[in-house]
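Letters A, B, ... mirror the listed sequences (proteins, then strands); counts begin at 1.
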Protein chains: 2
Amino acid sequence: MAIAKAPDKRTYQSTELRQSATIEAVVQLCAEQDPATLTTARIAEEVGLSQGALFKHFPNKNRLWESVAGWVSEQLTSQVFREADRHEHADQALEAMFFAHVRFIARHPGIPRLMLGELQKPGNGPAKTIVRQTLARYRKKVVGLLQLGIDQGRIAAGIDTEAAAVLYLGAIQGLVVQGMVSGEIASLEQTAPRIFKLYSASFQEMTNDPEK
Amino acid sequence: MAIAKAPDKRTYQSTELRQSATIEAVVQLCAEQDPATLTTARIAEEVGLSQGALFKHFPNKNRLWESVAGWVSEQLTSQVFREADRHEHADQALEAMFFAHVRFIARHPGIPRLMLGELQKPGNGPAKTIVRQTLARYRKKVVGLLQLGIDQGRIAAGIDTEAAAVLYLGAIQGLVVQGMVSGEIASLEQTAPRIFKLYSASFQEMTNDPEK
DNA sequence: CAGAATAAAGCAATTGATTACTTTCTTTCA
DNA sequence: TGAAAGAAAGTAATCAATTGCTTTATTCTG
């Protein structure tokens, strides 16, 4: 008495649609699985395709990873930078950027795994290059904002901006790793303000600010 | 005209010796290769054994990873904590601990890959549990030192010690990731002081310290 | 606008390579 | 001499990629 599977009239899609659906499926799957153990069969299942059909839309697995890295880079920078650019004061922009980044990760828990996973592999594959460039661009953005803050007189003048940018990214990574250790990615957004408050103290003017 | 391999008089070793040699080989190999792609054949080659002979000393690959995680945990905590305990003032202990950690990583570049790789995989395998507990213990140590520093009057009293501990680990991770991005693990020790100086500013007393 | 022709998208099955682990037999050495 | 340690070959499973063929969609033509 085999239960007949739904006839499931097979419907064809353009490669363009399949590609984006596949990329999002990978990002989704990385939230619950180590990227290194992700098989084409598992991805195909998530998209609703046979394993072999995946190769009608991507020439090979590496190119798929490349596309995923590109998608992540695009989404991260556009969402985070846009939030920063909405503020005139550099210190406020940095804060907004910090929270936007945390929010982005909380919504896509697989992304740290993805990026760290790429950085893990040595060599200079295309996907790794994309991640590397994204992080470099991000760091430059932070350095620029810090410098702007100094010019605006809202950030201590003597600050080591390069180091502050590394610490900025480290603060986020610390949050992420703490989330991976505790397993609670949801609590990220809750803890983030405490971390940023502390971080921002490291470059605040030492003057006793009368207001507040 | 096959060139005869060196006769290589085969010499037998105790499992105990082989185990530690294998563990160190894995740590060594992780410096140049993604742990997820490390095969038993590659490990055996590094140790100087046939692939099958490895299983005379470890029942399976998972147990090997477990042993590696244990070794890393033991080495890291013993070396880093020992350095911290040599100082009476908590702030100095934190600084020494920071540099000891960075030095440890610089000497074993594979270890961040190892620990991050373990944290990546979901579930609660034994190896991941060890890494998790190690990080948790580390965090507690930092919180304890921060609290001690407050009691000693060397650290601002109002500080959020939990957040400061997360930021402490984040500072190290920021350094590590920056090293993975730039590919220069050697420059870690050079950059570390700049990062720590900034980090420590976040919990320094705001009083204008006349000395120095 | 019907319908043939062509291209695109799909499945099921298979291939070849890789990998963790086993088995069989040999060598060492306490 | 017997147990531990090793090599070498083998095994079953897994996985990315391919192949052969079918089905759907699009384009061309009269």
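Contacts of B:D160 classified as salt bridge (Lys or Arg N to Asp or Glu O under 4.0 Å), with partners at least two apart in sequence or in another chain: A:R194. Contacts of A:E184 classified as salt bridge (Lys or Arg N to Asp or Glu O under 4.0 Å), with partners at least two apart in sequence or in another chain: none. Every residue was checked against the salt bridge (Lys or Arg N to Asp or Glu O under 4.0 Å) condition with B:E189, not counting sequence neighbours, and none meets it. Shown here are the side-chain hydrogen bond (donor to acceptor under 3.5 Å, both in side chains) partners of A:T191, two or more places apart in sequence or in another chain: there are none. Residues satisfying the side-chain contact (heavy atoms from CB on, under 4.5 Å) criterion with B:R132, sequence neighbours excluded, are A:V181, B:N124, B:K128. Judged as a salt bridge (Lys or Arg N to Asp or Glu O under 4.0 Å), and not counting sequence neighbours, B:E24 has no contacts.
Applying the side chain to side chain donor-acceptor pair (under 3.5 Å) test to pairs two or more places apart or on separate chains, those with a residue in residues 106-119 of chain B are B:E118-B:K121. Annotation: side chain to side chain donor-acceptor pair (under 3.5 Å) contacts involving residues 82-93 of chain B, sequence neighbours excluded, comprise B:E83-B:R86, B:D85-B:K141, B:D91-B:R154. Within the structure, no pair that satisfies the salt bridge (charged side-chain N to carboxylate O under 4.0 Å, His left out) test touches residues 59-77 of chain B, not counting sequence neighbours.
In the region residues 18-39 of chain A, proximity to DNA chain C at under 4.0 angstrom, judged on heavy atoms, holds for A:R18. Only at 4.0 angstrom or more do the heavy atoms of residues 41-48 of chain B sit from any atom of DNA chain D, so none qualifies.
Classification of the B:Y168-B:F196 ring pair by plane angle, with boundaries at 30° and 60°, yields perpendicular.
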Check nucleotides 22-27 of chain C for protein N or O atoms closer than 3.5 Å to its own N or O atoms and list the pairs.
residue : atom : partner : partner atom : Å
C:dT27  : O2   : B:Y12   : OH           : 2.9

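Atom CG in B:N62 sits roughly 11 Å away from atom P in C:dA20 (whole-Å rounding). In this structure, B:F58 places its CZ atom 12 Å from P of D:dA5, rounding to the nearest Å. For the pair A:L49 CG and C:dA8 C1', the interatomic distance rounds to 13 Å; values are reported in whole Å. Rounded to an integer number of Å, the gap from NZ of B:K61 to P of C:dT18 is 15 Å. Summarising the geometry, the separation between NE2 on B:H57 and P on C:dC21 is reported as 15 Å, rounded to the nearest angstrom.
When heavy atoms are screened at a 4.0 angstrom cut-off, B:L54 is found touching no nucleic acid atom at all.
Between D:dG6 and B:S50, no contact under 4.0 Å exists linking OP1 or OP2 to a side-chain N or O.
Remark: the A:Q51 side chain and the A:T40 side chain contain an N/O donor-acceptor pair separated by less than 3.5 Å.
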